[in-house]
Amino acid sequence: MASKRSSSTNSTDRKSVANLRAGTSSSSSGGGGSTVWENVKAVLVTLALFLAIRTFLIEAYRIPSGSMIPTLLVGDWLFVNKLVYGPHVPFTDVNLPGYDDPERGDVVVFVSPNQVDQPEDPNPTLVKRLVAVAGDTIWMRGGVFHVNGIAQRQGALAAENPKGDGGFSHPLFSWQKPFEVRGTSAGDPPASPTLDDWGPLVVPANFLFMLGDNRYDSKDGRYWGFVPRENVRGRPVFVYYSYNADESVRPLPFITDIRWGRLGTIIK
C-alpha cells in the first residue's frame, strides 16, 4: 500500500512540475477571467483619473481665431487651469469653489452667452480678456476703452494690430440699450453704438465683460453682452504646442511649421 501511495505522490509531483514549467498549475483554473477583470479595472481607474483631471484640474484648449492676437495666435494649444476659478461639474449648473476670483486683465476661458446669429453653435467656449467686473462703468471713445473714467490703453504689440472700421455698427449691439447710463464724464451714449464708440454701461452684479486683444477682428462682448460669472471655466496657463495654422504654405504644417519659440510661453 505504501508503495502505491508513493507512486501516486511521485506522479502528482511530476504533473505539478510539468504544469509549472508550462506556466500553469492545477490551482489556476479560472485565473484567466480574473486577469481580464484586473486589466479592465486598471483601464477604468486610468479613465476615471483622466476624466477627473480634465474636468476639475486642467484641460487643453486650441485657439481657432485671431481675436486675441498678439497674446494668442491661431494654432496655439494651451493648458487651462480649471481649478483656479472653481471647476464646473458637467451636466449640472454647479460650480465648485476655486482659490481665486477673476480679475481685470485676466485672460479667461468661458462659455459664451447666447449668440442668436449662430444657432448651429449658440454657446461656444471662448477665450478673451476680462476687462471689467460687476459694478464697473465702461465705455469706449475713439477706440480707447475706459473703466470707471480711466483709459485702458493697450500695449505696444496690440497697438500694432491692423485697424478696422471703427464706425461699424451692427444690430447685435442693441443689447447695450437697457444698460446705458447718462450724466457721466463720457457724455451720453451714442444713438447707434459702434465698434469704437459705445456706452457708458454699468456691469451688473455677478457678470463680467470681455474683449479680444485684436479689437477690430474680435466678436466679443460688444456683440453678445455680459458674461455670467458662472460661465467662466478657467484661466490659460501656458502654450504647450503651437504651429502656423493660418498662413503656412508648407505641407502638414502641424509638423513642418511648428513655432518652437512659443512653446512654454506664459499667458499674460
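For the single chain, residues carry numbers from 1 onward in sequence order.
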Would you find more than 12 non-hydrogen atoms of other residues, nucleotides or ligands less than 6.0 Å from [X] atom [atom1]?
X	atom1	answer
K268	NZ	no
N206	CG	no
N114	CG	yes

Gap between atom CD of Q115 and atom CG of N123 - 0.5 Å precision: 8.0 Å
Rounded to the nearest 0.5 Å, how far does CH2 of W175 lie from OH of Y223? 13.0 Å
Same cluster or not: V107 versus Y61, using hydrophobic residues (I, L, V, M, F, W, Y) connected whenever any side-chain heavy atoms lie under 4.5 Å apart? yes
Strictly distance-based, threshold 3.5 Å: is any side-chain N or O of [X] a donor or acceptor partner for the main-chain N or O of [Y]?
X	Y	answer
R182	P200	no
D257	R250	no
D136	V147	no
T256	P251	yes
R235	P102	no
K177	F173	no
S248	A245	no

Y99 ring center near Y85 ring center (under 6.0 Å):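 Ring centroids of Y99 and Y85 are no less than 6.0 Å from each other.
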Contact check, side chains of [X] and [Y], non-hydrogen atoms, under 4.5 Å:
X	Y	result
E180	P190	no
L96	H88	no
Q154	R215	yes

Testing the basics here: between E230 and R233, what is the closest heavy-atom pair and its distance to 0.1 Å? O-NH1, 2.8 Å
Residues R104 and N148: closest non-hydrogen pair is NH2-ND2, 4.0 Å
Within the 3.5 Å criterion, strictly below it, is a donor on D76 or Y240 matched to an acceptor on the partner's side chain? no
Taking atom types as modelled, find out whether S67 and K128 have a side-chain donor-acceptor pair closer than 3.5 angstrom. yes
Could you please spell out the steps behind the ring-ring contact (aromatic ring centres under 6.0 Å, His included) verdict for F179 and W139? CA-CA 11 Å; F179 301 96; W139 66 84; over 10 Å; no
If we check side chain to side chain donor-acceptor pair (under 3.5 Å) with R129, which of these qualifies: D213, D220, D106?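 With R129 as partner, D213, D220, D106 yield a single side chain to side chain donor-acceptor pair (under 3.5 Å), made by D213.
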Take Y241 and F254 through the ring-ring contact (aromatic ring centres under 6.0 Å, His included) test and state the conclusion after the steps. CA-CA 9 Å; Y241 176 70; F254 62 92; 8.1 Å; no
